[in-house]
Amino acid sequence: MKTSGFLLLAISAISRAHTIAQRVSVNGNDNGQLVGIRSPSSDYPIMNVNDANIACNTGIHQPVSSKVIDIPAGAKVGVMWGHVIGGPQVANDPDNPIAKSHKGPVIFYMAKVNDAAASGTSSLQWFKVSQDGLDSSGKWGVDRMIANNGWTYFTMPSCVASGQYLLRAEIIALHSASHQGQAQFYMACAQINVTGGGSKAGTTVSFPGAYSATDPGILINIYDTAGNPTGGGKPYTVPGPAVMTC
Ligand SMILES: *[C@@H]1O[C@H](CO)[C@@H](O)[C@H](O)[C@H]1NC(C)=O
Ligand SMILES: [Cu+2]
């Protein structure tokens, strides 16, 4: 009884240790907490790929920032994740920026909009600009995010058309994803303005619509026979379209 009660407590603690994207940096300059990014108040994931809010999340922290962040094409863009808004939930929070169990990919998409500060989030056309899945040593995008104190990075493609976009930062946690409907989707959208760009976009998809509950990167057992979350020696297919190329 004691053992199973403890196990249950341990499991529920793990499953509650979620994450929130909450800061944007450009070439190393941090814009600050909740500036130019629509972050959810709750760190809970979306778990249904057809959820109407899977584009930019729900329960967005108010008031929403009116800032639109200028990003020169070719710049190094960062988005910072934390256990709760502000980062750690308690001192020395072991689950900040995310519980170590939450292995999975880090992905970025962009959608062209007329006014990034005011734009709605439905019916947008999203193209993928970056993905970081599983490497050959068994490390995930999430492992690199934890090693970078919650920061995830990509390079703004030099050829992407100048103008305003919503930037969708996403983490998919796969620790329970061997059961359909148990992958955890975390996301927030930043309000950005690409300057000095080209004229390109990538293949676009819709959210919801881009993912299926049975995609090989969403319905997946990430554990090897010894229980290590290293992908079991198989390559990992990040869900969604290919990353745009210049
Ligand atoms: C986007 O950048 C262009 C070029 O610098 C600038 O003219 C425009 O005002 C910017 N738009 C916003 C919303 O910041
Ligand atoms: Cu979680």
Side-chain angles (χ1 to χ4, degrees), residues 8-22 24 26-27 29 31 35-49 51 54 57-59 64-75 77 81-85 87-90 93-106 110-120 140-143 145-146 150 152 156-158 160-167 169-179 181-199 218 220 222 229:
L8 213 72
L9 209 76
I11 288 169
S12 63
I14 285 171
S15 64
R16 279 184 200 144
H18 309 308
T19 193
I20 300 176
Q22 52 195 273
V24 180
V26 181
N27 289 329
N29 297 314
N31 283 272
V35 176
I37 184 166
R38 307 176 186 182
S39 303
S41 295
S42 163
D43 64 355
Y44 272 65
I46 285 178
M47 298 182 66
N48 176 356
V49 293
D51 191 302
I54 200 167
N57 221 319
T58 185
V64 176
S65 172
S66 59
K67 172 86 172 174
V68 177
I69 299 171
D70 279 334
I71 301 183
V77 183
W81 298 77
H83 184 185
V84 295
I85 288 176
Q89 189 166 38
V90 294
D93 186 350
D95 297 324
N96 183 57
I98 193 171
K100 289 175 181 59
S101 62
H102 284 42
K103 308 299 187 191
V106 171
M110 287 165 55
K112 193 85 192 66
V113 296
N114 291 326
D115 180 345
S119 176
W140 294 89
V142 163
D143 293 312
M145 174 274 235
I146 293 171
T152 55
M156 182 60 67
S158 55
V160 75
S162 298
Q164 297 185 61
Y165 294 86
L166 292 184
L167 168 68
E170 178 177 42
I171 282 176
I172 310 176
L174 299 171
H175 50 294
S176 300
S178 59
H179 298 286
Q182 294 304 305
Q184 301 183 347
F185 299 85
Y186 299 93
M187 76 291 302
C189 290
Q191 304 165 171
I192 67 167
N193 182 37
V194 175
T195 63
S199 57
I218 292 175
I220 181 177
I222 61 166

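Values below: all heavy atoms of this structure, side chains included; hydrogens, waters and symmetry mates excluded. In listed order, ligands and their atoms are each counted from 1.
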Kindly compute the distance separating [atom1] ([X]) from [atom2] ([Y]), expressed to the nearest 0.5 Å.
X	Y	atom1	atom2	value
Gln191	Arg38	CD	CZ	4.5 Å
Gln89	Asp95	CD	CG	8.5 Å
Gln22	His83	CD	NE2	11.0 Å

Ligand 1: which residues have a non-hydrogen atom closer than 4.0 Å? Asp70, Gln164, Asn193, Thr195
Are the side chains of Trp140 and Ile222 in contact, using a 4.5 Å heavy-atom criterion? yes
Hey, does Ser39 have a side-chain heavy atom less than 4.5 Å from the side chain of Asn57? no
N/O/S atom name from His102 that is nearest to the position of the Cu ion (ligand 2): NE2
At less than 2.8 Å, would any N/O/S atom of [X], backbone or side chain, sit next to the Cu ion (ligand 2)?
X	value
His175	no
Tyr186	yes
Thr19	no

When the ring planes of Tyr186 and His18 are compared, do they come out parallel, tilted or perpendicular, using 30° and 60° as the limits? tilted
Quick one: angle His18 ND1 - the Cu ion (ligand 2) - Gln184 OE1, to the nearest 10°? 110°
For Asn114, look at atom CG and say whether over 12 heavy atoms of other residues, nucleotides or ligands are found less than 6.0 Å away. no
For Pro88, which residues count as a side chain to side chain contact (heavy atoms under 4.5 Å, CB included) partner, sequence neighbours excluded? Asp93, Asn96
